[in-house]
Asks: 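Would you mind keeping the following structure in view while I ask a few things?
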Amino acid sequence: METGFGKGCHLHLIDGSAFIFRAYHALPPLTRKSDGLPIGAVAGFCNMLHRYVEGNTGPDAPTHVAVIFDYSGKSFRNTMYDQYKANRPPAPEDLVPQFPLTRVATKAFNIACKEVEGFEADDIIATLSCQARDAGGRVTIISSDKDLMQLVGGGVEMLDAMKNKRIDRDGVIEKFGVGPERVVDVQALAGDSVDNVPGAPGIGIKTAALLINEYGDLESLLDRAEEIKQPKRRQTLIEKRDQIELSKRLVQLDCDMTLDFSLEDLEVKDPEPETLMNFLAEMEFRTLTKRIAEQNGIEAPVIPDAPVNVPTSAEAPADQPFDPEAYEWVKDRASLEAWAAKAVAKGYVAVDTETTGLDEMVVDLVGVCLSVEAGEACYIPVGHKKGSSDDLFGSEELDENQLPLDVVLDVLKPVLENESVLKIFQNAKYDCKILKRYGVTVAPIDDTMLLSYALHSGIHNHGMDALSERYLNHQPIPIKTLLGTGKSAITFDRVPIVDAVKYAAEDADITLRLWQKFKPKLHQEKVTTVYETLERPLSPVLAQMEMHGIKVDRDTLSRMSNAFAQKMAALEAEIHELAGRSFNVGSPKQLGEILFDEMAIEGGKKGKTGAYATGADVLEDLASQGHDLPARVLDWRQLSKLKSTYTDALQDHINPDTGRVHTSYVQTGANTGRLASTDPNLQNIPVRTEEGRRIREAFVADEGKVLISLDYSQIELRILAQMADIEALKQAFRDGLDIHAMTASEMFDVPMDEMTSEVRRRAKAINFGVIYGISGFGLARNLRIPRGEAQDFINRYFERFPGIRTYMDETKAFAKENLFVQTLFGRKIHMPEINAKGPRAGFAQRAAINAPIQGTAADIIRRAMIRMPAEIAGLPAKMLLQVHDELIFEVEESAAQEVTEIARRVMEGAAEPVLKLDVPLVVDAGQGANWAEAH
DNA sequence: CTAGAGCGCTCG
DNA sequence: GTACGAGCGCTCTAGC
């Protein structure tokens with residue numbers, strides 16, 4: 001092989017992670033000017049890499065080079081020893097988004113960039129070093145990590161780039177007191193507190209080297225441990241033998257990995273100054289960009305001081321007309337490849353998929369649209385069928401009009417998975433789930449829906465039609481015009497492709513233009529961190545949870561449904577008997593007429609539409625006055641609700657392929673940052689009544705597994721105590737007191753041990769009332785007490801906790817002044833009606849008081865959810881559901897305990913390190929074969 | 001026949 | 001006229 005690796009070759013292996021951390025800590029927290037993206041570590045990394053490349057001249061220059069990275073997540077060493085590196089604090093928040101960028105940077109320098117799942121960088125370095133040495137070449141490992149010293153010798157040396165100091169065999173002996181071949185033995189004995197390698201207690205490097213030199217190697221030492229004179233040392237080596245042997249396995253690097261690339265692939269390549277410069281310019285590194293340009297005699301792109309992508313008024317996307325005729329119908333491979341190349345060259349592309357329906361778990365892909373420039377877009381049909389009533393297509397196969405699916409995926413997959421091409425979607429979760437089913441894992445992404453949510457929550461909804469009309473002044477083609485409505489509606493695969501091109505490509509065009517508008521606004525509105533840390537990373541987590549789904553037992557639901565039907569029939573007969581005639585019990589209107597006209601019960605109140613109110617509170621009052629009919633109706637309604645909404649409707653949502661129910665979370669569903677769950681809503685499964693709670697028995701774990709439920713205890717009250725800074729409440733939480741009883745005790749001067757349940761109930765209602773923006777009227781209605789009395793309670797509460805009133809007043813004042821409120825994590829919830837007059841003012845003020853509390857709680861559980869997948873990686877556990885303050889997992893029984901502990905730790909620590917709360921977050925946990933048992 | 005409003009009930 | 005935040009099933013009516 002003429003380009004093979006062999007004698008005379010010189011391989012450089014750069015420890016990429018070491019570079020990153022050194023760069024991160026050496027530089028202040030720089031951010032990219034245009035959008036606030038944290039970029040300090042990338043800047044330092046690029047500087048170091050640039051300096052490295054420049055220094056690489058002369059006879060000793062490498063012939064082959066690679067930067068090696070750690071794969072995020074756990075390595076095979078964690079399966080040997082779960083505490084391995086457990087002491088390591090998680091990477092700083094602002095460093096995390098920079099990891100992938102350092103990979104992109106490496107490639108921009110035209111240097112090979114390698115990482116392997118389940119292995120540490122050290123193992124890859126070890127394997128490559130051995131291969132290179134065996135081939136007769138030389139190796140320089142650029143790192144100062146002492147763990148790599150075991151590799152030195154036989155043509156392998158280390159280079160500490162900072163001190164510019166070479167470490168050869170003598171250097172290793174100087175450091176460890178033994179040669180490289182015995183370094184692992186010394187490390188096994190000495191242990192490593194940083195990586196949490198236990199070693200032999202009481203033995204350090206010096207002693208270890210002494211022992212190894214005396215006995216030759218570790219195995220001999222352990223076998224002959226009895227001979228050691230010092231009693232303490234002898235005892236340790238005998239007793240801790242297992243631990244020492246484990247330590248050796250932990251520090252021993254894997255020289256024998258199977259790699260999907262070879263040494264030849266690492267050959268030094270000629271620099272590509274343009275590529276590099278474009279990357280540097282995109283990162284907005286002015287100095288380095290200029291230097292590269294000068295060194296290569298090319299022109300540096302202008303990096304604007306103003307945010308990029310801010311259209312000037314003359315060329316604002318909204319001002320460019322939408323021209324459906326300009327969109328391209330892609331029907332041959334060459335055109336498709338041209339679009340893929342355009343996307344790669346730009347570094348971003350707006351993508352939209354068309355499917356046969358709305359259920360991502362079921363539907364088929366019909367087409368894909370791309371756009372890389374406003375006004376330019378294409379539609380790539382892949383699944384259109386011959387329409388029933390048109391003759392647009394010549395043949396059933398349509399080979400003239402659309403490319404085969406495998407060709408389209410073949411070309412697009414590398415782009416969709418290319419980490420240096422940003423894929424822009426409107427509601428990425430939907431498209432990514434579809435594409436996942438076709439074997440494509442899309443990353444990285446931006447999402448205009450989430451951008452809008454971070455920017456505009458509370459102002460409007462975030463659907464594409466609304467956004468387009470509002471921000472682009474353009475009304476998109478309604479899908480109805482293509483599909484029709486109701487019974488006669490068709491699916492998208494039956495839409496003639498000529499029409500589909502205009503509709504679908506327009507969506508990609510709109511998405512791109514919205515992105516150009518929104519992305520720079522992120523920084524201006526100071527919600528970059530919200531988007532980057534609370535919105536964008538959550539989307540794939542939700543997608544995964546939705547795809548897992550939860551197993552629901554149809555028979556259980558079916559049996560319950562029958563039982564409910566029987567009881568309802570009996571009640572219905574009784575109700576008709578009492579009414580004296582037959583009527584629809586499910587009709588509030590008819591019921592009102594029966595009660596207040598025909599039976600002439602007093603006190604009927606008509607609502608806005610002129611109908612009598614017949615809500616549960618009204619019927620309960622009547623029932624307590626001794627009326628039987630309303631009491632029966634209440635029973636009937638409870639059963640009716642359970643049957644129609646739960647036992648019946650839920651069955652229709654069981655996916656025939658998976659036997660599971662796959663809800664859909666709407667990330668932008670609630671203004672406060674909470675999620676909403678739809679199709680079906682699994683966030684309102686009954687729990688408060690015994691009969692309703694039994695519905696949860698139908699939510700089951702798969703065989704051999706259990707469901708685990710963990711929920712935050714009183715999280716909103718804890719956040720209130722924190723935000724309003726109420727020392728008495730904070731202390732009560734720190735002391736683990738019953739917070740409602742404690743409130744009652746303070747308010748009514750009742751000692752805790754003499755507390756009655758009635759007094760506690762009232763205090764609990766007040767506590768909740770505070771969170772909701774309390775009013776005398778509301779509390780009175782909730783507690784069913786006179787309004788004056790309720791007002792007395794509130795007054796007394798404010799007297800005892802004046803800080804709460806101050807917090808409420810300040811929050812309202814802030815909202816009126818700024819027209820938004822904020823969570824502790826910076827999420828903005830806009831309050832456009834806060835200065836309105838009339839009843840709307842009251843609504844807006846209460847919402848303003850509630851939103852920061854509810855929203856902060858929502859942010860905290862989001863942070864836990866985002867971290868969770870990495871924390872439970874490798875364990876037989878899946879996160880399935882979120883119910884506002886609760887997470888539900890499905891776990892193999894044997895791992896239930898471990899997963900519970902991990903999830904609890906993650907949830908209780910989810911505010912950190914951004915927020916240091918004065919109150920502890922407490923998580924309660926349960927497990928069982930079904931959701932009723934687990935909760 | 002279909003879409004949308006209103007009511008009522010479920011959850012945190 | 002009022003507790004905060006959600007979704008969904010049913011009835012009823014307006015309009016094609």
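Naming: A, B, ... by sequence-line order, numbering from 1 per chain. Quick caveat: nothing in here was measured; it's all calculated off a predicted structure.
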Asks: Hey, does A:G842 reach any base, or is it just sugar-phosphate, or nothing, if we go heavy atoms under 4.0 Å?
Replies: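 Touches nothing.
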
Asks: In whole Å, I'd like the distance from the CD1 atom of A:I771 to the P atom of C:dT2.
Replies: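 Atom CD1 in A:I771 sits about 22 Å away from atom P in C:dT2.
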
Asks: Does A:R787 get its side chain close enough to the base of C:dT2, under 3.5 Å, for a donor-acceptor pair?
Replies: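 Such a pair exists between side chain and base.
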
Asks: Once you round it to whole Å, what is the distance between P of C:dG5 and CD1 of A:I719?
Replies: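 After rounding, the reported distance stands at 16 Å.
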
Asks: Is the closest basic N to carboxylate O distance between A:R805 and A:E799 below 4.0 Å?
Replies: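 Salt bridge absent between A:R805 and A:E799.
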
Asks: Which value, in whole Å, describes the distance between the P atoms of nucleotides C:dG1 and B:dC7?
Replies: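 Straight-line distance between the two P atoms is 14 Å.
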
Asks: Could you tell me the separation between the CG atom of A:D652 and the P atom of C:dG7, rounded to a whole number of Å?
Replies: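 Result: 20 Å.
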
Asks: Tell me the interatomic distance from A:Q590, atom CD, to C:dT13, atom C1', rounded to whole angstroms.
Replies: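 So the two atoms are 14 Å apart, to the nearest Å.
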
Asks: Within the structure shown, what part of the strands sits under 4.0 Å from A:A780 by heavy-atom distance: base, sugar-phosphate, or nothing?
Replies: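 Here A:A780 touches no strand at all.
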
Asks: Quick one: closest heavy-atom pair of A:P476 and A:D465, and the distance?
Replies: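 Closest approach of A:P476 to A:D465, heavy atoms only: CG-OD1, 3.6 Å.
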
Asks: Scan A:S587 against the nucleic acid and name what it touches under 4.0 Å (heavy atoms): base, sugar-phosphate only, or nothing.
Replies: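 Since only primed, P, OP1 and OP2 atoms lie under 4.0 Å of A:S587, the category is sugar-phosphate.
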
Asks: Does C:dT11 have OP1 or OP2 under 4.0 Å away from a side-chain N or O of A:N584?
Replies: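 Checking A:N584 against C:dT11: at least one side-chain N or O falls below 4.0 Å of OP1 or OP2.
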
Asks: Given B:dG12, C:dA3, C:dA6, which nucleotide is nearest the side-chain atoms of A:N782?
Replies: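 Of all the options, the side chain of A:N782 is nearest to C:dA3.
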
Asks: Ring-plane angle category for A:F793 and A:F748, please: parallel below 30°, perpendicular beyond 60°, tilted otherwise.
Replies: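 Perpendicular: the ring planes of A:F793 and A:F748 meet at over 60°.
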
Asks: Salt bridge check: are A:D885 and A:R674 linked by an N-O gap of less than 4.0 Å?
Replies: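 A salt bridge is absent here (no side-chain N lies under 4.0 Å from a carboxylate O).
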
Asks: Starting at CD of A:E716 and ending at P of C:dA3, how long is that distance when rounded to a whole Å?
Replies: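 Those two atoms, CD and P, are 18 Å apart.
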
Asks: Across the strands shown, which category fits A:L779 at heavy-atom distances under 4.0 angstrom: base, sugar-phosphate, nothing?
Replies: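 Base, at least one base atom sits under 4.0 Å.
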
Asks: Please tell me which of the listed nucleotides, C:dT13, B:dG12, C:dC10, lies nearest to the side chain of A:K589?
Replies: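 My answer, after comparing the listed nucleotides, is C:dT13.
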
Asks: Within the structure shown, what part of the strands sits under 4.0 Å from A:A858 by heavy-atom distance: base, sugar-phosphate, or nothing?
Replies: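 Nothing, no heavy atom under 4.0 Å.
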
Asks: Mind checking if A:T485 touches a base, just sugar-phosphate, or nothing, with heavy atoms under 4.0 Å?
Replies: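 Sugar-phosphate, backbone atoms only, no base.
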
Asks: Think A:Q882 has a side-chain N or O under 4.0 angstrom from the OP1 or OP2 of B:dG12?
Replies: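 It does not, given that no N or O in the side chain of A:Q882 lies less than 4.0 Å from OP1 or OP2 of B:dG12.
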
Asks: Give a yes/no on whether any side-chain N or O of A:R781 is located under 4.0 angstrom from OP1 or OP2 of C:dA3.
Replies: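 True: A:R781 side-chain N/O within range (under 4.0 Å) of C:dA3 OP1/OP2.
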
Asks: Would A:E817 and A:K812 pass as an ion pair if we require N to O under 4.0 Å?
Replies: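 No, this pair does not count.
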
Asks: Of the candidate nucleotides C:dC12, C:dG5, C:dA3, which contains the atom at the shortest distance from the side chain of A:Y772?
Replies: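 Per side-chain heavy atoms of A:Y772, the pick is C:dA3.
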
Asks: Figure out the CD/P separation between A:E886 and C:dG5, and round it to whole Å.
Replies: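 Taking CD of A:E886 and P of C:dG5, I get 22 Å after rounding.
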
Asks: A:N671 CG to C:dG7 P: how many Å, rounded?
Replies: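 Taking CG of A:N671 and P of C:dG7, I get 10 Å after rounding.
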
Asks: Does OP1 or OP2 of C:dA6 have a side-chain N or O of A:T672 closer than 4.0 Å?
Replies: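 Answer is no, no contact under 4.0 Å.
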
Asks: Determine whether the aromatic ring centres of residues A:F820 and A:F814 are separated by less than 6.0 angstrom.
Replies: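 Yes: the rings meet the under 6.0 Å criterion.
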
Asks: Can you tell me if A:S677 touches the phosphate of C:dG7, counting only side-chain N or O atoms and a distance under 4.0 Å to OP1 or OP2?
Replies: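 Checking A:S677 against C:dG7: no side-chain N or O falls below 4.0 Å of OP1 or OP2.
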
Asks: Is the number of heavy atoms from other residues, nucleotides or ligands under 6.0 Å of A:Q566 CD greater than 12?
Replies: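 Not more than 12 within 6.0 Å, no.
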
Asks: With heavy atoms under 4.0 Å as the rule, sort A:F768 into base, sugar-phosphate or nothing.
Replies: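 A:F768: no heavy atom of the nucleic acid under 4.0 Å.
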
Asks: Among A:L557, A:L650, A:L880, whose side-chain contact (heavy atoms from CB on, under 4.5 Å) with A:F699 holds?
Replies: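 For A:F699, the side-chain contact (heavy atoms from CB on, under 4.5 Å) check succeeds only for A:L650.
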
Asks: Whole-Å distance between C:dA3 C1' and A:I785 CD1?
Replies: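 Between C1' of C:dA3 and CD1 of A:I785: 13 Å.
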
Asks: Take nucleotides 6-11 of chain B nucleotide by nucleotide from the 5' end and write B, S or -, depending on whether a protein heavy atom sits under 4.0 Å from the base, only from the sugar-phosphate, or from neither.
Replies: SSBBBB

Asks: Could you tell me how the ring of A:F492 sits relative to the ring of A:Y503: parallel (under 30°), tilted (30 to 60°) or perpendicular (over 60°)?
Replies: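 The arrangement is tilted - the two ring planes meet at 30° to 60°.
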
